[in-house]
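Since this is a predicted model, take the numbers as computed values, not measurements. Below, read A as the first sequence line, B as the second, and so on, with proteins coming before strands; counting in each chain starts at 1.
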There are 2 protein chains.
Amino acid sequence: MKKPAQSHDHDHAAEPLADLTSRLRQKSQRVTAPRQAILALLREHRHPMTNKEIHAALAKGDCDLATLYRSMHLLEGMGMVKRFDFGDGAARFELVTGDAHAHHHHLVCTCCADIVEIDDCFAAELEARVAAAHGFKTVTHKLEFFGVCPDCQQAGHSHDKAKRSRRKPCGC
Amino acid sequence: MKKPAQSHDHDHAAEPLADLTSRLRQKSQRVTAPRQAILALLREHRHPMTNKEIHAALAKGDCDLATLYRSMHLLEGMGMVKRFDFGDGAARFELVTGDAHAHHHHLVCTCCADIVEIDDCFAAELEARVAAAHGFKTVTHKLEFFGVCPDCQQAGHSHDKAKRSRRKPCGC
DNA sequence: CCATTGACTGCAAATCGTTTGCATGAAGCA
DNA sequence: TGCTTCATGCAAACGATTTGCAGTCAATGG
């Protein structure tokens with residue numbers, strides 16, 4: 001088996017792993033090895049990851065893919081992770097950091113899949129406007145931007161927007 | 001087989017079917033029965049439809065599901081239909097009408113899946129702002145709103161936003 | 001009007017992301 | 001320490017979408 005309680009190393013300004021697990025416990029959810037591994041990994045990444053990426057990044061045997069999916073549902077339901085959809089058919093997840101920066105969007109390079117975070121959300125006001133105009137309640141929105149990043153522009157690739165690439169943000 | 005050139009009936013201010021098929025022909029694509037059936041059906045609907053819905057709406061035998069998927073790719077590539085993603089795992093398509101109203105978003109009821117079109121796109125300016133701020137080129141965006149429509153609010157259902165319903169915009 | 005030919009279609013099998021059933025295993029509590 | 005319940009691993013099931021293949025047909029030239 002694996003080290004039971006690694007609470008040291010890699011800690012770049014992120015919430016301590018212990019705090020994360022205690023959040024789990026407080027909501028009467030069990031703190032299991034797979035869940036700890038997932039949270040520990042997500043702490044390291046500032047950009048959303050697909051379940052496949054998460055699964056590949058975890059030590060082999062740390063967490064079954066089915067368990068991973070179940071865990072992400074659980075964490076999403078608890079508000080500990082946020083789900084993003086870049087339109088390529090695979091959900092992406094990001095750890096919800098307690099601080100500000102909570103609500104944000106992304107700018108995804110359709111060429112190299114590089115991701116930039118867009119912090120200021122201009123859509124909040126629009127949300128209210130839209131809700132009022134149509135009588136809807138509890139309105140939320142999904143907004144993501146796609147384009148070609150500076151590096152890829154230089155690379156000289158002939159990238160017309162999204163083309164029909166469904167599998168990857170980029171078809172390179 | 002079916003009537004070869006029905007260019008009459010149902011015609012509420014939409015582009016004539018003949019014009020649509022000629023657009024196909026001009027791009028050196030063949031005008032086949034399945035494609036005509038698809039275009040004819042899409043002309044009737046102002047809201048985006050999933051391939052399953054389109055397939056179900058077409059007369060049995062009019063178009064195989066595989067052909068439907070291939071056709072939608074073709075039409076999307078030609079710019080004759082636009083693809084929308086409501087985050088429920090199924091792509092939706094809408095006929096691109098030559099007129100204005102080209103670029104628009106939707107407000108989807110998470111309860112009854114009712115759809116309202118949002119014509120004014122405030123995001124266009126944001127797109128430019130985002131592109132400039134990060135050096136990206138050919139930036140596009142995907143933006144959809146979700147909420148509970150007036151009718152569903154009355155129905156008294158206890159609908160907290162999207163919950164974890166992935167399959168349908170609504171989990172009613 | 002008929003032959004030609006490559007694009008298009010239907011069908012079935014294959015993919016991919018995601019979910020679920022089930023028996024075993026372990027977290028948290030008495 | 002033992003119980004009870006929740007969580008996990010494995011495999012099979014699923015739904016959306018894609019693809020291989022052989023037969024079919026729209027567009028074209030004769």
Practice problem: Evaluate the criterion side-chain contact (heavy atoms from CB on, under 4.5 Å) for residue pair B:Gln29 and B:Met78; output intermediate values, then yes/no. | Solution: CA-CA 10 Å; B:Gln29 302 292 167; B:Met78 295 177 57; 3.8 Å; yes
Self-check item: Check against salt bridge (Lys or Arg N to Asp or Glu O under 4.0 Å), A:Arg83 and A:Glu76
Solution: CA-CA 7 Å; A:Arg83 176 189 299 258; A:Glu76 185 187 14; 3.0 Å; yes
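Rounded to whole angstrom, the span from the NE2 atom of A:His55 across to the P atom of D:dC10 amounts to 9 Å. With rounding to whole Å, A:Glu53 atom CD is found 11 Å from C:dG17 atom P. Distance, A:Leu68 CG to D:dA7 P: 15 Å, rounded to whole Å. In this structure, the CG atom of B:Asn51 is 14 Å from the P atom of C:dG10, given to the nearest Å. Following rounding to the nearest Å, A:Asp64 (CG) and C:dT20 (C1') show an atom-to-atom distance of 12 Å. For the pair A:Leu75 CG and D:dA7 P, the interatomic distance rounds to 11 Å; values are reported in whole Å. Going from atom CE of B:Met72 over to atom P of D:dT18 covers 12 Å, rounded to whole Å. Rounded to an integer number of Å, the gap from CG of A:Leu74 to P of D:dT8 is 9 Å.
One finds a side-chain N or O of A:Tyr69 lying less than 4.0 angstrom from the OP1 or OP2 phosphate oxygen of C:dT18. B:His73 has no side-chain polar atom (N or O) that falls below the 4.0 Å cut-off from OP1 or OP2 of D:dT17. Within the structure, every side-chain polar atom (N or O) of A:Thr67 is placed at least 4.0 Å from both OP1 and OP2 of D:dA7. In terms of phosphate contacts, B:Gln29 brings a side-chain nitrogen or oxygen within less than 4.0 Å of OP1 or OP2 of C:dC8.
Within the 4.5 Å cutoff, the side chain of A:Leu74 has heavy atoms near those of the A:Leu24 side chain.
At its two ends the helix from C:dC1-D:dG30 to C:dA13-D:dT18 runs along axes set 30° apart, each axis drawn from five pairs and the angle rounded to 10°.
No side-chain donor-acceptor contact under 3.5 Å links B:His105 and B:Glu144.
Partners of A:His106 according to the ring pair (Phe, Tyr, Trp, His ring centres under 6.0 Å) rule, which considers only residues two or more places apart in sequence or in another chain, are A:Phe84, A:Phe86, A:His104.
Of the residues near DNA chain D, B:Lys52 and A:Leu65, the one whose nearest nucleotide (by heavy atom distance) lies more toward the 5' end is A:Leu65.
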Under 3.5 Å, which N/O atoms of the protein pair with N/O atoms of nucleotides 20-26 of chain D?
residue	atom	partner	partner atom	Å
D:dG20	O6	B:Arg70	NH1	3.2

